[in-house]
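Step one of this worksheet: look at the structure below.
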Amino acid sequence: MAEGPCPRLAVCVLGLSREKGEHFIQRSGIGKSCFCYRFMHPGYDEYIADHPSLLALHEFENQQINNIHFLYWGTTIKNFPLHGGPKQQRIEFHVVEHTVFYQDVTSQPFTIITKPDSLDYYIRRATGQIESPGKVSYKSRDTMSFQEHACQMYPSGISGWPRGFIVVIDVSQTGPAFNSQIARAEKILEYLMKHKRKFVIAITKRDIMDPTSLDRVHNLKKKYKTQVFETSANGNLNISETFRYIASKVLQKKVQGISDQIPTYEQAAHNLLTQKGRARRSFMSFLKKRVVSSDERLNALERMEEYKDCTCVVGKFETDRVFAEHLLEVHNKKVELYAGVKENPELRLEFLEDFLDQRTDLAIYSESLRR
Ligand code: GTP
Ligand code: MG
C-alpha cells in the first residue's frame, strides 16, 4: 500500500566555527557537516569525515553551493515509534547547514553582499529567507565535481515551512578557542530565544570531549530554557535522537506520541550496542535457515535484504565475518559425519585447511576461523 504524505519540517544546523576575519584552518570546524551527514547517511560504512569549507571558485559557484553560504543536505523520511509501541510516525526532514565558505587562494570567506562571517549577518540569514533557486543537495566534496550522486532539488518555498534549529557546540575545544566558540553560540541562542524559535543544543565530538567544556554547555540549559544532546558523529551516537526531539517540538500535535526523551551519551552507546547485537543475531538466524551448504558464495548473499540490514548497522567487515563463521559451522557439521574425524583433531585440521584454501573470498577471516 502506498504511504500518504507525512508532516515535514526544515531543520537548520547552526554554529560558526571561526571568529570574524579568522583564516580558514583545516579541520577547525565544530562538527556541523559530520552531524548532518550522519543523519542523512547513517550506514556504518558510509561515513565521510571530511567536508572542507575551503573551496575553489568553480566549486563555490556550482549547483551544490550555488554561491550561497549554506549546504542543503537533502531530504529524508524517518520513522519513530509512537508511544513506544509498534506503530510508527513518519516525518520528512529537510536539512540545511549554515556555514561560511572560504576561498582556497586567500583562506578568506567568499564575499557576496556583506561579510558572511559576521555573526549578526549569519544569524539573520539562518533565521530569515533561506531560498536558493537551482540549488541541489550536497553529499561530499568528491561528488561535487562528478555529479555522480542523485542530487535532490532544494525545495522552493522552504522559508515558509515549520523550521527548527540545532545549535552545535564542539566540546573537544578548550581555553580561549572554546570561550569564543561559546560566546558565538550564546549570541545565536539569545536570538533564537528572544524570537521564540524552536531550538535545541547539540554537543558535538563528545567522543573526544573536555570535561570542563562539557559541563559549561550543560550549564546553558537553564539560561536558554532548552535541552542538550551529547552526540558523536564518529560514533553515530544521539544524532537521529536530536532531530527526533526538534521535530517533536516544532511539529507538536502533528507528531503527538513520538518520544521527546533525551538519552544520555552512555544510554545512546548502550542502545547502539543493543541494536548491533540484535542485527547480528537476526542475520545469524537468517543464515541458519537459508545457508545450509558451505559452498555458498558471499556475492550471492550481498543482494539480500537481510545482508544489507546487518551491513547497515555493523558494517560489511563484521557481517562477512558472521557469514564466514556460519560457513565454518556448516563445514564442521559436514566433516564430522566422516568416520574418525570427531576423535582426530589433526584430521579435522586438515579438512579446515582444505576449506580455507578453497574459500579465497574469506581469506581475511582465516586467522580468526582457525582459532
Ligand atoms: P565548517 O562548516 O567549516 O564551519 O565546519 P563544520 O562545523 O561543518 O565541521 P565538520 O563537520 O566539517 O568537522 C570538522 C572536523 O571535526 C573534521 O575533521 C571532522 O572529522 C571532525 N569531527 C566532526 N565530528 C566529529 C566527531 O563526532 N568526533 C570526532 N572525533 N571528530 C569529529
Ligand atoms: Mg561544514
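Each ligand, and each atom within it, is numbered from 1 in the order the structure gives. We number each residue from 1, following the sequence as shown.
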Can the ring centroids of [X] and [Y] be said to lie less than 6.0 angstrom from one another?
X	Y	result
Phe229	Tyr245	yes
Phe101	Phe110	no
His41	Tyr47	no
Phe60	His69	yes

May I ask you to check if Lys205 and Phe35 form a cation-pi contact, with NZ or CZ under 6.0 angstrom from the six-membered ring centre and within 45° of the axis?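 Here Lys205 fails the 6.0 Å and 45° test against Phe35.
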Compute both the distance and the angle, then confirm whether Lys135 meets the cation-pi test with Phe70: under 6.0 Å from the six-membered ring centre, within 45 degrees of the axis.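 The answer is yes; both the distance and angle limits are met.
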Looking at [X], which atoms of ligand 1 are within less than 4.0 Å of one of its heavy atoms?
X	value
Ser33	6 (P), 8 (O), 11 (O), 12 (O)
Ser232	27 (O)
His51	12 (O)
Asp207	26 (C), 27 (O), 28 (N), 29 (C), 30 (N)

Min N/O separation [X] to ligand 1 under 3.5 Å:
X	answer
Gly31	yes
Arg27	no
Val100	no

Hydrophobic cluster membership, Phe24 vs Tyr122, 4.5 Å side-chain cutoff: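 Yes, because Phe24 and Tyr122 connect within a single hydrophobic cluster, where side-chain heavy atoms sit under 4.5 Å apart.
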Return the residue, atom name and 0.1 Å-rounded distance of the protein heavy atom closest to [atom].
atom	answer
atom 17 (C) of ligand 1	Ala49 O, 3.6 Å
atom 4 (O) of ligand 1	Ser17 OG, 2.6 Å
atom 11 (O) of ligand 1	Cys34 N, 2.9 Å
atom 27 (O) of ligand 1	Ala233 N, 2.8 Å
atom 14 (C) of ligand 1	Gly29 O, 3.4 Å
atom 22 (N) of ligand 1	Lys205 CE, 3.6 Å
atom 3 (O) of ligand 1	Ser53 OG, 2.5 Å

Have Glu186 and Tyr224 got a donor and an acceptor in their side chains that come within less than 3.5 Å?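 Note: Glu186 and Tyr224 side chains meet the donor-acceptor criterion.
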Quick one about Asn179 and Arg216 (side-chain donor to acceptor, distance below 3.5 Å, no hydrogens or angles considered), yes or no?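 Checked: Arg216/Asn179 side chains pair up, N/O donor to acceptor below 3.5 Å.
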Just to be sure I'm reading this right: ignoring hydrogens, which of Thr99, Thr204, Asn234, Leu71 gets closest to atom 26 (C) of ligand 1? Compare them by their nearest heavy atoms. Asn234
With a cutoff of 4.0 Å, is Arg206 in contact with ligand 1, counting heavy atoms of the residue only? no
Heavy atom of Gln26 under 4.0 Å from ligand 1?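 False for this residue.
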On a heavy-atom basis, which atom in Pro155 and which in His94 lie closest, and how many Å separate them?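 Nearest heavy atoms, Pro155 then His94: CG-ND1, 3.7 Å.
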Tell me whether the rings of His51 and Trp73 are parallel (<30°), tilted (30 to 60°) or perpendicular (>60°).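 The arrangement is perpendicular - the two ring planes meet at more than 60°.
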OG (Ser33) to the Mg ion (ligand 2) to OE2 (Glu97): angle, nearest 10 degrees? 90°
